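Please read all numbers here as calculations on a predicted model, not as lab measurements.
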Amino acid sequence: MAVSNPNPIVFDDFETPPTQRSAEELAAERDDSVDDPIDAWEVFEMIRRIRDPEHPNTLEQLRVVDPSIITVNWKKKHVRVNFTPTVPHCSLTTLIGLSIRLQLERNLPQYTKVDVYLTPGSHDQEEQVNKQLNDKERVAAALENQNLLRVVESCVYAFQEY
């Protein structure tokens, strides 16, 4: 199989959340008895270390995911992640989206609605990929394929030791 992007740009990891949290917010995050809302940075933390299927780098290092393009409406328990493939013709975009979706569905509280979309204008087949990634039946069918599930899980769990 040909590699979609043989020489991707690799960036440094993000150091700190883009917005400073108050002492109360930080205390609430550490206290399991407090029901504090999940924000975009926490969602980013859940997906930043997913491995790219073509390279030994994380989605964060390749800037496929970025906290600035994640939105959270915690009152409605809704998370939307946009992601940007490294090239507009990336053949593994659906696999990356499935990895993001699986990681979030396994780690966010039950009844959280998760939407995973390509960043607008970032891929040649944006409409088809978005439709596939946000159709419950298509996602379920894809993840029933044991070979595909094994590849997705290898991406999701590659950097869990961080």
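- Contact check for Ser99 versus Val151: no side-chain heavy atoms found under the 4.5 Å cut-off.
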(request) Before giving the answer on side-chain contact (heavy atoms from CB on, under 4.5 Å), spell out for Ile38 and Leu108 the whole-Å C-alpha distance, their side-chain angles and the decisive distance to 0.1 Å. (result) CA-CA 9 Å; Ile38 291 176; Leu108 287 168; 3.8 Å; yes
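- The backbone N or O of Leu118 sits less than 3.5 Å from a side-chain atom of Asn130, completing a donor-acceptor pair.
- When all heavy atoms are compared, the tightest approach of Lys77 to Tyr111 is CB-O, 3.8 Å.
- The CG atom of Leu148 lies 9.5 Å from the OG1 atom of Thr94; values are rounded to the nearest 0.5 Å.
- Under the 3.5 Å distance criterion, the side-chain polar atoms of Thr112 are left unmatched by any main-chain donor or acceptor of His78.
- Phe83 approaches Ser122 most closely through the heavy-atom pair O-OG, 4.1 Å.
- Looking at Arg101 and Asn134, their side chains do bring a donor and an acceptor atom within 3.5 Å of each other.
- Taking each heavy atom of Trp74 and Pro37 in turn, the nearest pair found is CD1-CA, 3.3 Å.
- Distance alone, capped at 3.5 Å, is enough to place a donor-acceptor pair between the Asn107 side chain and the Gln103 backbone.
- Under the 4.5 Å side-chain criterion, counting only non-hydrogen atoms from C-beta, Leu59 is not in contact with Ile47.
- The CD atom of Gln128 lies 11.5 Å from the OG1 atom of Thr93; values are rounded to the nearest 0.5 Å.
- Heavy-atom minimum distance, Pro85 versus His123: CG-CD2, 3.8 Å.
- Hydrophobic clustering of Ile, Leu, Val, Met, Phe, Trp and Tyr side chains at less than 4.5 Å, counting indirect connections, keeps Tyr117 apart from Val152.
- Among Ile100, Thr58, Leu102, the single residue meeting the side-chain contact (heavy atoms from CB on, under 4.5 Å) criterion with Ile50 is Ile100.
- There is a side-chain donor-acceptor pair under 3.5 Å between Ser154 and Arg51.
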(message) Assess the residue pair Asp66 and Asn82 against the criterion (side-chain contact (heavy atoms from CB on, under 4.5 Å)); give the C-alpha distance rounded to whole Å, side-chain angles, the decisive distance to 0.1 Å, and a yes or no.
(response) CA-CA 8 Å; Asp66 184 309; Asn82 283 12; over 6 Å; no
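- Not a single donor-acceptor pair under 3.5 Å links the side chain of Gln132 to the backbone N or O of Val129.
- With hydrogens and angles ignored, the 3.5 Å screen pairs no side-chain donor or acceptor of Arg49 with any backbone N or O of Met46.
- Between the NE2 atom of His55 and the CG atom of Leu62 there is a distance of 6.5 Å, given to the nearest 0.5 Å.
- Considering CD1 of Ile69 and OG1 of Thr119, their distance stands at 3.5 Å, rounded to 0.5 Å.
- The minimum heavy-atom distance linking Ala142 with Leu98 is given by the pair CB-CD1, 4.1 Å.
- Using a 4.5 Å heavy-atom cutoff, the side chains of Phe44 and Val65 are in contact.
- To the nearest 0.5 Å, atoms CG (Asp115) and CG (Leu133) are separated by 10.5 Å.
- Atom CD of Glu144 is separated from atom CG of Leu149 by 10.0 Å, given to the nearest 0.5 angstrom.
- The two residues Asn57 and Gln61 come nearest to each other via the heavy atoms CA-OE1, 3.3 Å.
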